[in-house]
Amino acid sequence: VSEGENDDEQTIIFVRHAEGWHNKHAIELPNWHSDRLGLQEKYRDANLTPDGIEQCHALANRIENDPNWIQPDVVVVSPLTRTIRTATLGFRDG
């Protein structure tokens, strides 16, 4: 809490996970929907693509360069690999 702010105030920031293989393949594979590929285990808990990892690094750099950023007390994510990796890479301790 910054000086002069109410101690009862809290800020909540929502960040969507970075690009996962399920996102990329849903766009690129013509049989994605017809063959219900999203139901396969490798897509249900998809890892991040190289572009997704770059998105996380961009988030981390943006946070590090923001003079008003206050490191969060808690980061809450689902147990999916893509969300855990996004939080780990994007909210690294500066």
Undergrad: Verify the cluster assignment for Val15 and Ile84: are they in a single hydrophobic cluster under the rule of side-chain heavy atoms below 4.5 Å apart?
TA: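 Same cluster: Val15 reaches Ile84 through Ile, Leu, Val, Met, Phe, Trp or Tyr contacts under 4.5 Å.
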Undergrad: Starting at CG of Leu89, measure out to CD1 of Ile53 and round the result to the nearest 0.5 Å.
TA: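 These two atoms lie 6.5 Å from each other.
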Undergrad: Do Thr86 and Val77 come within less than 4.5 Å of each other through their side chains, counting heavy atoms only?
TA: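 Thr86 does not reach Val77 side chain to side chain.
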Undergrad: Is Leu48 close to Cys56 at the side-chain level, that is, under 4.5 Å between some pair of heavy atoms?
TA: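 Cys56 reaches Leu48 side chain to side chain.
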Undergrad: If only atom types and distance count, is the side chain of Asn65 paired as donor or acceptor with the main-chain N or O of Asn61 below 3.5 Å?
TA: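 Side chain of Asn65 to backbone of Asn61: a pair is present.
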Undergrad: His22 pairs by side chain to side chain contact (heavy atoms under 4.5 Å, CB included) with which of Arg82, Gln40, Lys42, Arg44?
TA: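 Of all the options given, the one that passes is Arg82.
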Undergrad: Between Leu80 and His17, is a side chain to side chain contact (heavy atoms under 4.5 Å, CB included) present by the stated rule, with each step listed?
TA: CA-CA 10 Å; Leu80 295 171; His17 64 78; over 6 Å; no
Undergrad: To the nearest 0.5 Å, what is the distance between OG (Ser34) and CG (Leu29)?
TA: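 Going from OG on Ser34 over to CG on Leu29, the span is 10.0 Å.
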Undergrad: Just verifying a value: how many Å separate Glu64 CD and Trp69 CH2, rounded to the nearest 0.5 Å?
TA: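 Reported to 0.5 Å precision, the distance equals 11.5 Å.
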Undergrad: Which residue is it: Glu54, Glu19, Gln55? I am looking for the one with a side-chain hydrogen bond (donor to acceptor under 3.5 Å, both in side chains) to Thr49.
TA: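 Only match with Thr49 under side-chain hydrogen bond (donor to acceptor under 3.5 Å, both in side chains): Glu19.
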Undergrad: If only side-chain N and O atoms count, and only distance matters, is there a donor-acceptor pair under 3.5 Å linking Asp45 with Thr81?
TA: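 Thr81 vs Asp45: donor-acceptor pair found between side chains.
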Undergrad: Output the distance between atom NE2 (His25) and atom OH (Tyr43), rounded to the nearest 0.5 Å.
TA: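 The OH atom of Tyr43 is 4.5 Å from NE2 of His25, to the nearest 0.5 Å.
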Undergrad: How many angstroms lie between CD1 in Ile63 and CD1 in Ile70, if you round to the nearest 0.5 Å?
TA: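 If I round to the nearest 0.5 Å, the distance is 12.5 Å.
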Undergrad: So, for Asn31 and Asp35, which heavy atoms are closest and what is the spacing to 0.1 Å?
TA: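 In this case the closest contact between Asn31 and Asp35 is ND2-OD2, 2.8 Å.
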